[in-house]
Amino acid sequence: MEGRANRLGNIATYLVAIPIAGFFLVPIVWLVSLAIRTPQEIFFGASRFIPENPTLANFWQVLTGSGFLTYLGNGLKLSVLGAFGALIVAAPAAYAFSRFSFRGRGAAMMGILAVQMVSGLVILIPLYRYMAWLGLLETHLGVTAIYIAIGIPLTVWLVKNAFDAVPIVLDEAAAIDGYNRFETFWRVTLPLAAPGLASAFILNVIFNWSQFLVPFIMLTDDDQWPISVAIYNYAGSTTATTTHLLAAACLIAVVPAILAFMLLQRLIVSALTAGAVKG
C-alpha cells in the first residue's frame, strides 16, 4: 500500500509540474523560434512556428555588433562583484545569528527578511539623491554597492542555514585547541559551510544578472550598461524587420542564468534546506 501511495503521489506531482513547466517554457520556445528565423519568415508569425530555413546567423550578428559583448561583460562584472560583496558582508552576520544567543535575535532576523520585501521603487528617489551626493552616479561602484545592499538580507538567511548545519561541537573543539572566535569562523565553520556559501553566491549572481531598474536609473552611458539595460534599449530601437535579432539577443541574455540554475540546482536546493530540520 505504501509503494502504491508513493507512485500515486509521484504521478500527481508530475501532473501538476508539467503544466507549470509548460507555462514557463512556451515563451522560451517562442523566442527560439523567432531567433532562428530569416527576416522574411518573421512576418509569418505563429502560422509557421518551425522555420523552413532556420539559421544561427542572427546570434552571430548580435554578438559581433553594437557592443553586445561589452554589455555581457558589464552584466557579468556587476553580478559577480555584487554577489561577492553581499557574501562578504552577510557571512559574519549570519555566523553571529547562528552561533550567538542574544535578546531580540529572532526579531532581528525577521527584520532583515522584512527589508527584502521592500520594493526598490519605494526608495528609488532618495536612493538616487543619496548616490548623487556620494558621487557614485554613472559608476559601476555605485551600482555594485546597491546590488550588495539588495542581496544582503537573503544572503544572511541562506548562509545562516548553512552555518546551522555545521555542528557547534566543532566550534567548541576549535576553542579547546586555542582558536579565537574569528579563527574558528575562518578556519572551521566557513570551509565546512562552503556548499551553502557557493549556492548563496550563485543565487545572488542570477538575481543581479536580471536586475534592470538599478542600472537603468544609475547609468546613462551605454558603454557601462549591463545586458538587461542594453536589451531594453535595443528593443526600443528595433522594427518588425529586426525582431529576429531582438529574439536572439534576449536568448543570449537569458540562457546563461537558466543553464547556471539547471546545472547547479542540487547545490542550491541543498543550501536552501540546510539546517531546516535542526531543532
Side-chain angles (χ1 to χ4, degrees), residues 14 17-83 140 143 147 198-199 201-216 219-269:
Y14 282 111
I18 289 174
I20 295 175
F23 177 80
F24 287 101
L25 284 175
V26 166
I28 302 298
V29 175
W30 179 244
L31 266 182
V32 173
S33 174
L34 292 174
I36 60 176
R37 297 186 185 198
T38 60
Q40 295 75 21
E41 289 185 296
I42 286 295
F43 295 98
F44 286 103
S47 62
R48 184 178 292 175
F49 188 75
I50 301 177
E52 284 189 356
N53 302 298
T55 178
L56 297 178
N58 299 328
F59 296 97
W60 178 254
Q61 185 173 343
V62 168
L63 288 172
T64 56
S66 64
F68 203 81
L69 291 178
T70 300
Y71 302 140
L72 286 173
N74 289 339
L76 182 61
K77 170 188 173 182
L78 292 172
S79 299
V80 170
L81 289 178
H140 281 178
V143 176
Y147 280 8
S199 65
F201 176 81
I202 293 164
L203 282 175
N204 271 289
V205 169
I206 294 174
F207 292 153
N208 292 341
W209 181 264
S210 61
Q211 280 284 352
F212 169 76
L213 189 60
V214 171
F216 180 71
L219 304 171
T220 58
D221 185 357
D222 59 354
D223 288 336
Q224 293 186 316
W225 286 342
I227 187 63
S228 55
V229 178
I231 287 290
Y232 173 80
N233 286 276
Y234 189 73
S237 63
T238 57
T239 63
T241 57
T242 56
T243 302
H244 55 298
L245 298 179
L246 176 60
C250 290
L251 270 181
I252 294 171
V254 169
V255 165
I258 295 176
L259 288 178
F261 188 83
M262 290 178 62
L263 294 173
L264 302 168
Q265 59 180 316
R266 291 182 181 274
L267 179 64
I268 295 171
V269 171

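In what follows, every heavy atom counts, from backbone to side chain, and hydrogens, waters and symmetry copies are set aside.
Each of D223, V229, D222 was evaluated against Y71; a single residue qualifies, D222, per the side-chain contact (heavy atoms from CB on, under 4.5 Å) test.
Taken from CG in L31 to CD1 in I36, the straight-line distance is 11.5 Å, to the nearest 0.5 Å. Taking CD1 of I231 as the reference point, atom CG of L246 lies at 6.5 Å (rounded to 0.5 Å). Remark: I206 CD1 to I258 CD1 distance equals 10.0 Å, nearest 0.5 Å. Here the straight-line distance linking atom OG of S199 with atom CG of N204 works out to 9.5 Å at 0.5 Å rounding. To the nearest 0.5 Å, the span separating OH on Y232 from CZ on F216 amounts to 4.5 Å.
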Does the pair L63 and L72 meet the rule for a side-chain contact (heavy atoms from CB on, under 4.5 Å), with working shown?
CA-CA 10 Å; L63 288 172; L72 286 173; 4.2 Å; yes
Given side-chain contact (heavy atoms from CB on, under 4.5 Å), test T38 with H244 step by step and report yes or no.
CA-CA 7 Å; T38 60; H244 55 298; over 6 Å; no
Let me see the working for F59 and I252 under side-chain contact (heavy atoms from CB on, under 4.5 Å), right down to the final yes or no.
CA-CA 8 Å; F59 296 97; I252 294 171; 3.9 Å; yes
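Using a 4.5 Å heavy-atom threshold, the side chains of P226 and N208 count as separate.
Across G82 and Y147, no two heavy atoms sit closer than the pair CA-CB, 4.0 Å. Between S79 and G75, the closest heavy-atom pair is OG-O, 2.7 Å. Minimum heavy-atom separation, L219 to W225: O-NE1, 3.4 Å. When all heavy atoms are compared, the tightest approach of A247 to L34 is CB-CB, 3.6 Å. The two residues R37 and P51 have their closest heavy-atom pair at CG-CG, 3.6 Å.
Under a 3.5 Å cut-off, the side chain of H140 and the backbone N or O of L78 do not form any donor-acceptor pair. Of the possible donor and acceptor atoms, one in the side chain of W209 sits under 3.5 Å from a partner among the backbone N and O of A253.
With sequence neighbours left out, V255 forms a side chain to side chain contact (heavy atoms under 4.5 Å, CB included) with L251, L259.
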